Amino acid sequence: MKVQQLPPTMSQILPLEQLSKALEGDLFYDELHRVIYATDASVYQIKPLAVAQPKTVADIQTLVHFANQHQIPLTPRTAGTSLAGQTVGSGIIVDVSKYFTQIVSLDQENKTVTVQPGVIRDELNLFLKPYGLFFSPTTSTSNRCMIGGMVGNNSSGTTSIRYGVTRDKIVALQTILSDGSATVFKSLTSEAFIEKTKGTTLEHHIYRTLYEELSNTETQNEIIKEFPKPEIHRRNTGYAVDLLLKSDLFSGAEPTINLGTLLCGSEGTLAFTTEITLKVDDLPPAYNIMVAAHFHSIQESLEAVMIAMKHHLYTCEMMDDTILNCTKTNREQAKNRFFIQGEPKAIIMLEVAADTIEDAERQAEALIADLKQNNFGYALPKLYGKEIDKINALRKAGLGLLGSIVGDDKAADSIEDTAVELSDLPNYIAEFAAMMKKYGQEAIYYAHAGAGELHLRPILNLKKKEDLQLFRTIATEVAVLVKKYRGSLSGEHGDGIVRGEFLPYMIGENNYELLKRIKKAFDPNSIFNKGRITDTPKMDENLRVVSGREEPTIQTIQDFSDSMGILRLAEKCNGSGDCRKLPSAGGTLCPSYRATRNEKDTTRARANSLRQFLTNSEKDNKFDHDELYQVFDLCVSCKACASECPSNVDIASLKAEFLYQYQKANGFSKRNKIFAYNAKLNTLGSLTPTFTNWVSNLALVKKTMGIAPQRVVPHLAPTTFRNWVKKNRKDKATPLYPNGQVYLFCDEFTNFYDVGVGVDTYELLTQLGYQVVIIDHQESGRAFISKGFLEQAKAIATRNVAIFKDIVSAETPLIGIEPSAILTFRDEYLRLAEDKAGAEQLAKHVFTIEEFFKREIEKGAIRAEHFSDQAKSIKIHGHCHQKALSAVEATFVMLNLPKNNTVTIYNSGCCGMAGSFGYEKEHYEISMQMGEDTLFPKIRATDTNTIISAAGTSCRHQILDGTGREVQHPVTILKSCLK
């Protein structure tokens, strides 16, 4: 079934214009925002009428009144990482992630914290840590998911076996009801609850309805009979009315009752939460050990869980071989595979913790002994400290890694979230596996084995009608199987669209009708997240992809065959939202989102927009859409998405292709031509460098060029590096070169601007015993690529591959000084060069200068004795392309070789310059904001006696402009250390 594609009508636009004026926050109803908010992390896609970003509670009340007046539903949304389709809808998406981000208060004595719904879970814990506290539910999305979403879904995560789920942490919820009134739901005595039933407001009506409904003995018995087993703590099956029965109001034993329990897990269908008060816990014990138990089969691993859970575990998580195999080809996660022995079918992560390392060791050894005694696990390595962080990062990447599967077969979320009683888990999975085998399926298994919940995913191609039918068939049969064990069809991800249809079967028709009456009491006009929990659409409607569609043919100049075409590369984005993590989470992804906090500026938005237009555009040139230009505008092509995105969605390559195709239709601007042909123009300008530098920095010239007046255009050096080499080239015979020959790539940045760095490189290598050879070759093509001049870049790539492929080898490698230039050989050339085999072979022997030094140090060819004993303090800022395609650690090894150097690496994100991006007047402020996010404050806090190292010429200029600090290339620093 096709998704809603109709634009807002004039009768809708006029009220939306009025609504926009009434809001202090933002309202969008343009095509781009409707496209990027049409999806979340689920398989569903529904275009909204509009997107609101409220700034105040009054804004939310305005939206509620508007929704009632015009019968337009509101869908609350935070990070949009929902897996069941809870945060997509045809009305107004209300995104609180930008403005509702305050931590309101902390009560240390009572261990509670009050936050707005847009606070990120990990950011909250950074705030709580100095007080010895933390919010315990730990989802795989914890570095970007928000507390409002966690409440809406009743999130659980890895720690639920020790600390419980989000619902257990609810103290109070401040909400806006469906009539616009403000209400607080908190713990009440039975007497106070009864008092709330008396009155005429909507709040009174809600309490009265619940009291009347749940006081009925038949209703109570029906709930007890049909709802999941109470032993299953992780359950999101409809509204949690079964938990309300624990109150002494309804034949239970508890003297208090809190309707926040009911709202938690209600997916925003009952009220709009504006403030959340949570219980927080003392920090876990200081010492922890992870036992990574390896198994030859899924069944063996689950049986081992029964033994392991007898121990005092903090986590008990599974990863199967499908996910582990995906990590092999992921640049970031491949580094975290260090602990894997052999080819396990499954790994169970078993964590113990204690206040002393001795106690933790005792627990770990007891656990290992118990597993060995029962013949479970062929390898049982123990992990400590940062090793545990790495294996946790591997597990957290699980969902995103599944998106990296090439082609149309995907790990489909139809049975993602089933939970059963732990003792039922082995039998349940055995029956499940038999059922899947019947359909020729070998499912993916991962996540929360210790809680009786595994994330199970079949591999399906929903573009095929037969697989779409299987999508429904498997979901239906799994529902029957889960009901057999009185399990929960959703353990933590919610019912949403994918499971809502099965609720009447899972809890019984009578209970389902009860839920509908509760929804009616809270929300009589059904304005809150309509069609979730109750009256849900069919689970095989509103899908991102249309089954049986004719796949569009997209011609590209770059070779995207590794993803089976550009469209399938865009389709790799499953919406998990790793690109929304903030600087405190580390890494670089995604600089523009970090600067603006706008969904429009995420990697996810770019991939989804491109997917939508390439799929649905009726233009001959499907790239020719201004909306695509808008969404790609702030992408700085940092390449972080190529490594940090678990699905490896390389937006930089997509942007280059888009710019090429778009500009073919709309023309190449004069400024873009000047930047793209910069190396050619510099050949002329370097004939009179003083005059060129003066002219290029004239205010009128910068204004005419669209260059920010605050910037200084980089100065051409008095001579080019090539000319210096011609004058100073060493005789080939004298001296001898004991370490052999290397080819040095004379990139366009070093040749014209950073000649001193080129000279330092040449002299350093020569003094260390290498013959440095620089031959005639083309520029790197970096400027052409970044501006979308791909025909020119293709010609350069093809020519450079032809020049170097037969002379560069393991013994005579090609090394480069500027990361963005030399790494084109290992990245873009593989998509551009006509001789693909030659490009791939050449790429194996191309190194950044830092990588080359690291290799030679490890070989023993370069040793500490070559350098002085003078003490130097050095801090390294890594170029984005280094981080994504190479490793900043190589710079660390290189600069750490002199024995008295003290070297550290900044966790510094992107500098924000990105070649010409930061010079463009319309991008200047956002460029500086990118620098301010992480890098600039760390530079300013660095002692002036500390040397700052940055390999990228853009980085060095940006740091100078942003902080006034001079920065040196690593080669220059190392050369200064020579004896």
Side-chain angles (χ1 to χ4, degrees), residues 140 157-161 234 289-327 336-337 339-352 364 366-383 388 391-392 394-399 401-402 411 415-437 441-459 478 481 485 487 491:
S140 62
T158 60
T159 58
S160 67
I161 59 174
R234 298 165 67 105
I289 298 173
M290 182 83 77
V291 177
H294 293 46
F295 300 93
H296 291 303
S297 73
I298 298 291
Q299 199 62 31
E300 180 197 3
S301 71
L302 295 178
E303 291 170 6
V305 168
M306 301 301 109
I307 300 297
M309 283 299 291
K310 295 177 182 177
H311 296 259
H312 193 72
L313 300 181
Y314 280 76
T315 59
C316 179
E317 299 287 304
M318 172 193 279
M319 292 183 287
D320 77 351
D321 59 338
T322 304
I323 287 181
L324 293 172
N325 288 337
C326 287
T327 66
N336 296 329
R337 291 176 50 87
F339 65 94
I340 296 176
Q341 299 178 28
E343 296 291 336
K345 184 69 179 175
I347 286 177
I348 303 285
M349 301 158 54
L350 305 167
E351 185 178 13
V352 297
L367 171 62
I368 291 169
D370 209 355
L371 291 171
K372 285 181 176 178
Q373 186 177 347
N374 287 277
N375 297 314
F376 286 132
Y378 73 84
L380 301 164
K382 292 186 293 186
L383 307 181
I388 297 176
I391 189 174
N392 279 331
L394 198 71
R395 185 203 66 80
K396 286 186 173 189
L399 172 63
L401 288 167
L402 297 178
I415 50 174
E416 162 82 11
D417 201 28
T418 60
V420 296
E421 189 177 356
L422 184 59
S423 59
D424 291 330
L425 187 60
N427 290 336
Y428 165 70
I429 292 298
E431 287 195 61
F432 169 81
M435 184 265 289
M436 294 295 282
K437 188 175 182 181
Q441 283 280 328
E442 186 171 346
I444 293 166
Y445 303 80
Y446 69 105
H448 318 296
E453 177 185 2
L454 289 181
H455 294 329
L456 313 166
R457 289 193 171 207
I459 303 294
V478 167
L481 183 59
Y485 286 95

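On a predicted model such as this, the values are computed, not experimentally measured, just so you know.
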Can you tell me how far [atom2] of [Y] sits from [atom1] of [X], rounded to the nearest 0.5 angstrom?
X: Leu425; Y: Leu454; atom1: CG; atom2: CG; result: 5.0 Å
X: Ile391; Y: Phe339; atom1: CD1; atom2: CZ; result: 3.5 Å
X: Glu317; Y: Thr158; atom1: CD; atom2: OG1; result: 5.5 Å
X: Met349; Y: Arg395; atom1: CE; atom2: CZ; result: 6.0 Å
X: Thr327; Y: Arg337; atom1: OG1; atom2: CZ; result: 4.0 Å
X: Leu394; Y: Met319; atom1: CG; atom2: CE; result: 4.5 Å

For this session: Kindly write out the residues that satisfy ring pair (Phe, Tyr, Trp, His ring centres under 6.0 Å) with His455, not counting sequence neighbours, or none if the list is empty.
Result: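 Tyr446, His448, His493.
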For this session: List for me each residue that meets ring pair (Phe, Tyr, Trp, His ring centres under 6.0 Å) alongside Tyr314, sequence neighbours excluded, and say none if there are none.
Result: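 Applying ring pair (Phe, Tyr, Trp, His ring centres under 6.0 Å) to Tyr314 gives His312.
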Problem set entry | Beyond-backbone contact of Lys345 with Ile298, side-chain heavy atoms, under 4.5 angstrom |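 A side-chain contact exists here, since the closest heavy-atom pair is under 4.5 Å.
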Exercise. Mind checking whether Asn336 and Asn392 have side chains closer than 4.5 Å, heavy atoms only?
Worked result: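 No, every pair of side-chain atoms sits at 4.5 Å or beyond.
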Contacts of type side-chain contact (heavy atoms from CB on, under 4.5 Å), residue [X], not counting sequence neighbours:
X: Gln441; result: Met436, Tyr439, Pro458, Ile459, Leu460, Leu470, Ile474
X: Thr159; result: Ser136, Thr138, Tyr163
X: Ala304; result: Phe295, Leu371, Phe376
X: His311; result: Leu313, Ala366, Leu367, Asp370

Taking side chain to side chain donor-acceptor pair (under 3.5 Å) as the test, write out the residues that go with [X], two or more places apart.
X: Glu351; value: Asn288, Thr315
X: Asp320; value: none
X: Tyr428; value: Thr418
X: Tyr485; value: Glu431

Problem set entry | Test side-chain contact (heavy atoms from CB on, under 4.5 Å) applied to Leu383 and Ile289, step by step | CA-CA 6 Å; Leu383 307 181; Ile289 298 173; over 6 Å; no
For this session: Apply side-chain contact (heavy atoms from CB on, under 4.5 Å) to Thr322 and Tyr445, showing your working.
Result: CA-CA 8 Å; Thr322 304; Tyr445 303 80; over 6 Å; no
Exercise. Looking only at atom types and distance, does a side-chain atom of His294 sit under 3.5 Å from a main-chain N or O of Leu380, one as donor and one as acceptor?
Worked result: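 No; zero donor-acceptor contacts below 3.5 Å.
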Looking only at heavy atoms, which two atoms of [X] and [Y] are closest? And how far apart?
X: Pro426; Y: Gln299; value: O-NE2, 3.1 Å
X: Gly450; Y: Val305; value: CA-CG1, 4.2 Å
X: Leu422; Y: Ala449; value: CD1-O, 3.4 Å
X: Gly491; Y: Ala419; value: CA-CB, 4.0 Å
X: Lys382; Y: Ala364; value: CD-CB, 4.0 Å

Problem set entry | Selection residues 294-313 - residue pairs positive for salt bridge (Lys or Arg N to Asp or Glu O under 4.0 Å), sequence neighbours left out |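 Listed once each, the pairs would be none.
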For this session: With sequence neighbours excluded, give me every salt bridge (Lys or Arg N to Asp or Glu O under 4.0 Å) pair touching residues 446-455.
Result: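 Output for this query lists Arg234-Glu453.
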Problem set entry | side-chain contact (heavy atoms from CB on, under 4.5 Å) assessment of Met309 paired with Cys316 | CA-CA 8 Å; Met309 283 299 291; Cys316 179; 4.0 Å; yes
For this session: Please test Asp321 against Glu343 for side-chain contact (heavy atoms from CB on, under 4.5 Å), starting from the C-alpha separation and ending with a verdict.
Result: CA-CA 8 Å; Asp321 59 338; Glu343 296 291 336; over 6 Å; no
